[in-house]
Trainee: 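If you scroll down you'll find the structure; I have some questions about it.
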Amino acid sequence: MARHFARLKLRLIRNGLRTGSARVVALILSICVAVPVAGIGFLLLAAVPRAEPGARLPVAVLSFTAVFFAWLLAPLLAFGTDETLDPARLELLPISRRHLMTGLLVASIIGVTPLATLVALSGAVVGFATLGPGAVLVAAAVIVEVLLCVSASRALITALSRMLRSRRARDISVVVSVSLAVVFNVGIQVGGRLLDSADRRMVDQASEVLGWLPPGLVGRSVVHAGTGDLITATVELALGAGVVAVLLVAWSRALDRMSTTAESTTTTTRAAGLYSGLLRVLPRTRSGVVAAKDLRYAWREPRRRAALVSMAPLACLPLAGVLFSSEEAVPAVVFTAVSTGGLFGLQSLNHLGMDGPPYWTNVAAGGDLRADLAGKTISTVTLGTLLSVIAAVALAAFAGGWGYMPLVAILAVALLLVETAVGNLMSVTAPQPVPEGSNPWGGGNTGQGCTTSLISLAAMGAMALLCVPVVVAVLVALMLWRPGLVAVSLLAVVYGYLLWRASLAMAARRAEERLPELLDAISPKRAG
Amino acid sequence: MNIGAQADAGGKGESGANEGAAAGEALLLVELAKSFGAKKAVDGVSLAVPHGCFFGLVGPNGAGKTTALRMATGLLRPDAGTVVVDGIEVWQDPRGAKARIGVLPEDLRLFDRLTGKELLSYTGLLRSMTEAVIDERSAELLGVLGLTEAADTLVVDYSHGMRKKIALAAALLHGPRILFLDEPFEAIDPVSARAIRGVLERYTDAGATVVFSSHVMELVERLCDRVAVMHLGRVVSEGSLEEVRGGRPSLEDAFVELVGATEVDTRELGWLGTSPG
């Protein structure tokens with residue numbers, strides 16, 4: 001059975017490669033990442049313990065723990081699961097639990113990542129082992145560690161995939177994983193800084209604590225096996241193997257529950273109406289209803305919500321600048337909050353693509369591109385301005401400058417209008433399909449990635465260029481005559497509005513007659 | 001290919017509610033063609049659908065039904081040919097034509113993060129209807145289709161049948177003269193199917209026209225006045241039910257014969273159902 005699964009996995013990889021260049025590129029990319037990572041890991045474990053005997057324990061414990069958590073978290077960040085190993089697909093086949101688990105385990109060990117893990121960890125054999133029974137123990141520890149990684153990640157994924165069957169959980173997972181990715185990035189930055197300043201004692205303490213976690217125990221057993229303390233090493237390794245057994249049992253239970261219990265009862269979301277609450281003020285027209293829908297979607301649609309949520313750390317950047325700066329912040333720093341709205345405004349580059357196939361509703365109802373784009377502008381400008389104001393409030397709380405608040409809002413509107421002016425044209429000339437499914441990073445429009453990103457880059461350049469006069473005018477007014485800021489801000493709005501009107505007319509002229517083609521362009525092509 | 005055929009006398013247009021309709025057909029397709037790459041999805045289709053008619057478009061998968069309907073509704077530009085809806089050339093005056101038609105597409109890609117009621121307001125306001133009219137008609141449509149309970153639930157949480165029904169409500173909201181339905185009864189439970197059928201029958205009784213595609217021959221036979229059979233992008237037969245049946249016992253027999261499918265030789269597969277367990 002294990003051989004069967006191994007062949008299945010290899011066949012799936014091979015067939016995947018045959019379906020398109022995207023998979024080949026993905027494989028090559030993952031190899032490009034995996035080879036250096038495996039190499040560095042190998043060298044670290046092989047060379048450091050020899051060079052610096054004092055670092056043996058921290059190196060073993062920390063690297064084994066890091067590998068373990070990478071295995072645990074990576075599938076979460078990458079949205080689940082390798083679908084080829086989805087046990088739900090095998091549910092109806094008469095395979096015993098034991099055979100199923102062996103097969104799935106074997107299949108999960110085949111692949112670029114597991115191979116890289118094995119290569120990296122086997123550096124420990126070179127770095128720690130001495131000839132004799134200790135070497136066997138070190139090699140065994142490497143295998144136990146790999147099994148630990150695989151079984152923990154399998155158990156977690158199986159448990160989660162059951163949970164993720166409900167729509168609401170999937171929605172939340174999109175937002176959570178985007179936030180996790182952001183936190184992860186920030187964590188790496190901050191962690192790096194901390195490591196720079198940390199002294200040896202802190203590292204030793206950390207490895208002391210982490211050494212009691214299962215992967216840390218296995219790491220310690222490597223050290224003890226190397227120094228000849230075979231009994232301790234054996235006990236530690238046995239504990240690690242025990243955890244593997246526990247994880248396998250947990251996984252088996254999770255598999256059992258998955259195949260025998262019903263899906264979680266569907267939770268339904270209720271809502272009060274398009275125009276309820278603050279949106280009451282929007283006009284009951286085509287552009288009004290498009291704006292209302294887009295504003296609702298900003299929160300209800302998981303990918304847009306994720307985009308909104310991931311703005312939060314970016315919005316904090318100006319604030320972080322104030323907090324960590326050694327100089328006293330000037331109140332005028334609140335103007336930097338406009339950039340937060342500006343980042344959000346980049347979404348207007350693919351206004352129609354964000355709607356995707358359901359945009360046929362608008363086309364079938366007698367397409368009126370002008371009104372649709374106007375509605376989308378209302379929503380983008382509203383949300384962007386709101387984000388800018390929030391960022392400005394946070395800044396003002398530390399740096400003062402509350403008096404500038406209205407001007408920040410007005411300038412945000414002006415710059416967002418400039419951005420949507422470019423966005424209008426881009427949305428109709430280079431519309432892009434947004435891939436379906438919950439994965440916000442998953443599968444793009446293959447083969448055009450490079451061209452589209454070049455076009456987007458050019459469009460962003462155009463946005464920046466058109467914003468320059470406003471930024472310069474604001475800076476000049478700040479330096480020379482502050483009351484002039486009011487006039488500058490109002491003029492900026494007029495400037496933005498004129499640009500926006502001109503681009504709207506151009507966009508409508510270009511695309512009003514091509515709505516069916518536009519609809520086709522924003523619909524992701526289905527596989528097959 | 002029977003262009004200019006008049007309404008079938010036995011049809012449901014008897015209520016005579018055709019007043020105000022422009023002369024001629026509700027829908028006229030002339031030599032409509034569309035290719036995707038080398039594949040000719042629709043290859044010179046001509047059809048005439050009289051006012052007040054319940055018109056069925058049948059054909060095996062890949063026959064070109066969906067492509068033809070998308071072109072007829074202004075959602076896909078034809079390579080050649082003309083589409084006239086209620087006297088208006090669709091590709092000359094798309095907005096005018098779209099004001100007269102309602103569409104229920106097959107794949108049901110809806111703005112499903114809106115509630116059923118919100119989706120109806122959205123569609124209504126896109127069509128410049130007033131809020132009062134939208135509210136009144138929405139309440140009625142939701143009631144008739146059994147969706148009142150689910151009116152404030154997000155469409156993403158609807159079942160497949162409910163999605164079809166809300167999409168039908170959205171297509172009917174502005175009181176179109178012609179309704180295009182792509183596989184309205186596919187994967188639908190009998191209760192929902194009956195609700196949809198009831199609404200459609202009321203609708204044609206009022207003199208409006210329904211054009212729908214389907215695989216369900218029995219339903220087509222029960223509902224339709226006229227039928228066209230498509231195969232490989234062409235219309236292979238068109239006319240009243242009797243004409244298409246051509247003396248064969250059922251529409252299904254006629255259909256199978258027309259598209260050239262062969263009977264399955266049931267003598268093979270003798271091992272089926274013999275597993276010892």
Side-chain angles (χ1 to χ4, degrees), chain A residues 94 166-168 170-171 266-276 282-294 296-305 355-368 371-372 375 436 512-520 523-524 526, chain B residues 70-71 73-78 91 93-105 107-132 134-135 149-159 167 170-171 173-174 176 180 275 277:
Chain A
S166 90
R167 197 262 307 160
R168 188 174 288 187
R170 278 198 308 273
D171 282 7
T266 353
T267 46
T268 52
T269 308
R270 301 179 76 84
L274 269 178
Y275 283 99
S276 60
L282 286 169
R284 267 57 166 176
T285 56
R286 180 157 176 145
S287 40
V289 80
V290 169
K293 188 226 84 189
D294 267 27
R296 298 265 170 232
Y297 257 53
W299 192 250
R300 286 190 199 164
E301 216 249 343
R303 269 179 302 183
R304 296 198 204 182
R305 193 193 313 182
D355 269 355
Y359 187 69
W360 76 265
T361 314
N362 296 41
V363 179
D368 183 353
D372 291 352
E436 290 173 317
E512 192 79 68
E513 300 300 316
R514 295 193 306 119
L515 279 177
E517 287 76 16
L518 206 59
L519 184 61
D520 187 52
S523 306
R526 288 175 173 177
Chain B
R70 281 172 65 82
M71 290 193 286
T73 51
L75 291 174
L76 181 69
R77 196 183 303 279
W91 292 96
D93 178 12
R95 276 203 212 182
K98 283 169 184 169
R100 287 170 162 74
I101 61 181
V103 187
L104 173 74
D107 51 6
L108 290 177
R109 310 285 194 88
L110 305 171
F111 283 114
D112 55 12
R113 301 279 162 165
L114 300 179
T115 67
K117 208 165 137 195
E118 287 172 351
L119 187 68
L120 294 184
S121 329
Y122 182 73
T123 319
L125 286 166
L126 283 183
R127 291 185 178 275
S128 310
M129 296 164 65
T130 64
E131 258 196 320
I134 296 172
D135 288 348
E149 287 272 293
D152 293 325
T153 302
L154 293 192
V155 173
V156 70
D157 292 328
Y158 277 18
S159 69
L173 190 69
H174 61 295
F180 291 89
S275 160

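Side chains are part of it too, since the values below use all heavy atoms of this structure and drop only hydrogens, waters and symmetry mates. Every chain is numbered from 1, with letters handed out A, B, ... down the list of sequences.
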Trainee: Looking at A:G356, A:A292, A:G288, A:G273, which has the largest count of heavy-atom pairs under 4.5 Å with chain B?
Mentor: A:G273

Trainee: Any chance CD of A:E513 has more than 12 other-residue heavy atoms, nucleotides or ligands included, within less than 6.0 Å?
Mentor: no

Trainee: Tell me, side chain or backbone of A:L519 under 4.5 Å from chain B's heavy atoms, or both, or neither?
Mentor: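 When you check distances to chain B, only side chain atoms of A:L519 fall under 4.5 Å.
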
Trainee: When heavy-atom pairs shorter than 4.5 Å are enumerated against chain A, which of B:M129, B:K98, B:R113 gives the highest number?
Mentor: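 The answer is B:R113.
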
Trainee: What closest approach, in Å, do A:L274 and B:S121 show between heavy atoms, and which atom pair accounts for it?
Mentor: CD1-CB, 4.4 Å

Trainee: Out of B:G74, B:P94, B:P105, return the one with the most heavy atom pairs under 4.5 angstrom to chain A.
Mentor: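 Between B:G74, B:P94, B:P105, the count favours B:P105.
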
Trainee: Which heavy atom of A:A364 sits nearest to which heavy atom of B:L75, and what is that distance?
Mentor: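 In terms of heavy atoms, the two residues are closest at N-CD2, 4.1 Å.
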
Trainee: With a 4.5 Å limit on heavy-atom distance, are the side chains of B:R77 and A:D520 in contact?
Mentor: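 No, every pair of side-chain atoms sits at 4.5 Å or beyond.
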
Trainee: Run the ring-ring contact (aromatic ring centres under 6.0 Å, His included) test against B:F180 and tell me which residues pass, sequence neighbours left out.
Mentor: none

Trainee: Find the one option among B:T73, B:D112, B:L114 whose heavy-atom pairs under 4.5 Å with chain A are most numerous.
Mentor: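 Option with the greatest count: B:L114.
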
Trainee: When rounded to the nearest 0.5 angstrom, what distance separates CZ in A:R284 from CD1 in B:I134?
Mentor: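 If I round to the nearest 0.5 Å, the distance is 10.0 Å.
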
Trainee: At a heavy-atom distance under 4.5 Å, which candidate from A:D368, A:V290, A:L515, A:D372 has the highest pair count against chain B?
Mentor: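 Counting heavy-atom pairs under 4.5 Å, the top option is A:D368.
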
Trainee: Show the nearest heavy-atom pair for residues B:E118 and A:R300, with the distance to one decimal.
Mentor: OE1-NH1, 2.7 Å

Trainee: Who pairs with A:T361 by side-chain contact (heavy atoms from CB on, under 4.5 Å), at least two apart in sequence or on another chain?
Mentor: B:F111, B:Y122, B:T123, B:L126

